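Structure first, commentary second.
Quick note on labels: first sequence line is chain A, next is B, and so on, each numbered from 1. These numbers come from a predicted model, not from an experiment.
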Amino acid sequence: MSSLDISAGVPGTARRRRARGHRALGVGSTLGLGVSMIWFSLLVLIPLVAVLISAAGLGLGGLWEVVTSPQTAAALQITVLESVAVTAVNVVMGTALAWVLVRDRFWGKRLLDIVIDVPFALPTIVAGLVLLSLYGPSSPLGVDVANTRYAVFLALAFVTLPFVVRTVQPVLETLERDVEEAAASLGASRMVTFRRVILPSLVPAIAAGAALSFARGISEYGSLVLLSGNLPGRTEVASVRVLTYIENGNKGAAAAVAAILLLVALTVIVTLDLLQRRLLTPQSASLRSPLRGDPERTASRGN
Amino acid sequence: MSIKWKSTVLTPVIGAVAGLAALTGCATAGATSGSADQVSIVGFSVMKTANAQVLKDFQKTAAGKGVGFKQSYGASGDQSRAVIAGLGADEVHLSLEPDVTKLVEEGIVAKDWKDGANKGVLTQSVVVIVVRKGNPKHIESWDDLTKSGVKIVTPNPGSSGSAKWNILAAYGHVIAQGGSPADASAYLTKFFKNTAALPGSGKDATTAFEGGTGDVLLSYENEAIEARASGADFDYVVPEQTLLIQNTAALTKDADKAAKALFKFQLSKQGQSDYAEQGFRPLDSSISVDVKGANDPKQPFPTPKTLLTIDEDFNGWAEANTKYFDEKTGIVTKLIAASGKS
């Protein structure tokens, strides 16, 4: 057993074993795979399938009726549009925040680095309460967005803020500055360096963060309920519709809305993945690989 | 190697099986409730504070000596669904009758639960209009709510069963004054036009109102009293026509002697006095207590000119639920959906 583990740690042997195909999966790996799959199935796959099955119980006609009912259709539309908008903002602001946290030195940086996670850690209803007191009718800042679409946007932006920051930050930390210096010495402006050298390396992380942020956005409930007012056709989001269907004992319709949200999330995640691959391939071939592959650079870093 | 192999595979498997067994074991243990002196109470949110004094006083009686409680509180509909899903309960105390009816359909509560003198009702209240301190918008009646510039907050009857009382009171006041159903619908159209927020639950609505949203909040008298008693800075108006809120309670088929004794105590003069102190209108009208937080603590429960009831004015919950709140054809459902389009 222990000899197997050690051999797996040596890159050479690992590659050789991998080349032999799945037969080479060790006992430990098989077990690991089994346990992971059981865990994943119990937590995610089985519940997802259950949602789909109970949605399917409505039949196509029933499903269509739920989705086209004006109130639900409006809620779905609001939810998706607001989440798209929030995700777009997160992509820009999240990357900027990550950049500031990694590249800049300023007083309170460590604190900011910790506080970024607060929207994630706070119970959503508390987030809602904070937002209500800050951006509601009795706002000390004089900003009252309560019961408008801005309220939905604000609440979603608040709870999804950490996603892009936290996915981009570690990638940015591992980026080597000499690559940028090389680009600069070759005459690239800062903008060009960012666009053609740094951004391509960040794209997968940004895409992953955007996917998380969007998925969280369309499912959000707690932080919204106090500030958004749940006004049908204006600020009512899909999760409120789900709750309404459940309260009225119509689990099928609730599952139908959930299934639609799932489908939307899946579409967005796949689209982001494809987009990321497309964006990445040409640049990384022309720009990154010659620099990365430079043996002298690697050697000099060794010193 | 082969021996080790077996043990590495088997240990987690055995562990997993044992874990699952433990989990299912817990689930069954949870479903069977009520040991000799433990009563499981499943109630709607407001009862959490309201029950505290009642339970304490019950423990002082001979029947309640040494009885412990397992309590669970939450939104009425959620609680009803939780009991159906296996949450152990000896007594259920839910905001509205349909939530108990569901339990009857599932065979958890006996069919004759409404046959007692109390007709299944344990606590009652009325729908009131909560206004800002000093009533700056001079709200005295239902008609004042639909004036231009008045912003209403009421929990969403779609997601909160208890909010249905509020909307029916608003609807019913028109009928009580001799209006037709069409007049009542017209009133609700104007009402929803003035609605600034439809928070998910009564608690959320109160929080939003306290956070500054809206000019009026539709609430229950007992909630307004309780909030004021614990320091909330607002006034409330009991409109001339309002609806009697009847919160239903029942024992489940599992209920043992201690649970039955508790239920009896809750309905007794002492129990009802305790609830009255918390702002609930006592079932026994001879009870008179001072109520902290009421407009007039000495005369806490003014009699409205017309007091509508769900049974007499709306033909009972079974009919009212379908007629007004059905997801597709309900009168109120349609009016709310239409309010989003204007």
Practice task
Nearest 0.5 Å please: distance from the CG atom of Asn156(B) over to the CD atom of Glu236(A).
Solution key: 6.5 Å
Exercise for the section: Using modelled atom types only, decide if a donor and an acceptor are shared between the side chain of Asn230(A) and the backbone of Leu198(B) within a distance under 3.5 Å. Expected result: yes
Handout entry: Flag if over 12 foreign heavy atoms under 6.0 Å of OH, Tyr221(A)
Key = yes
Completion exercise
Counting heavy-atom pairs under 4.5 Å with chain B, the top scorer among Thr30(A), Leu226(A), Ile125(A) is Leu226(A)
Handout entry: Asp78(B) side chain reached by Ile246(A) side chain, heavy atoms, under 4.5 Å
Key = no
Problem - Residue part contacting chain B, namely of Leu224(A), when any heavy atom lies under 4.5 Å - result: neither
Completion exercise
Under 4.5 Å to a heavy atom of chain A? For Phe325(B) that would be backbone
Exercise for the section: Verify, without hydrogens or angle tests, whether Ser159(B) (side chain) and Leu243(A) (backbone) share a donor-acceptor contact under 3.5 angstrom. Expected result: no
Problem - Short N-O contact, Glu247(A) and Arg81(B), less than 4.0 angstrom - result: yes
Exercise for the section: Take atom NZ of Lys133(B) as the centre, draw a 6.0 Å sphere, and report whether it contains more than 12 heavy atoms from other residues, nucleotides or ligands. Expected result: yes
Practice task
Check the surroundings of atom CG in Leu141(A): do more than 12 heavy atoms from other residues, nucleotides or ligands lie under 6.0 Å from it?
Solution key: yes
Exercise for the section: Mark yes or no for whether Asn147(A), through its side chain, and Ala196(B), through its backbone, hold a donor-acceptor pair below 3.5 Å. Expected result: yes
Fill in the blank from the handout: When the 4.5 angstrom heavy-atom criterion is applied to Asp204(B) and chain A, the contacting part is both
Problem - Heavy-atom pairs under 4.5 Å with chain A, option from Glu210(B), Lys328(B), Glu327(B) with the top count - result: Glu327(B)
Problem - From Leu132(A) atom CG to Thr207(B) atom OG1, the distance as rounded to the nearest 0.5 Å - result: 8.5 Å
Handout entry: Side-chain touch Val225(A)/Pro199(B), heavy atoms, less than 4.5 angstrom
Key = no
Problem - Distance-minimising heavy-atom pair for Gly211(B) and Pro137(A) - result: O-CD, 3.7 Å
Completion exercise
So, the part of Lys203(B) with a heavy atom under 4.5 Å from chain A: the answer is neither
Fill in the blank from the handout: Ranking Pro157(B), Gly200(B), Ala75(B), Gly158(B) by heavy-atom pairs under 4.5 Å to chain A gives rank one to Gly158(B)
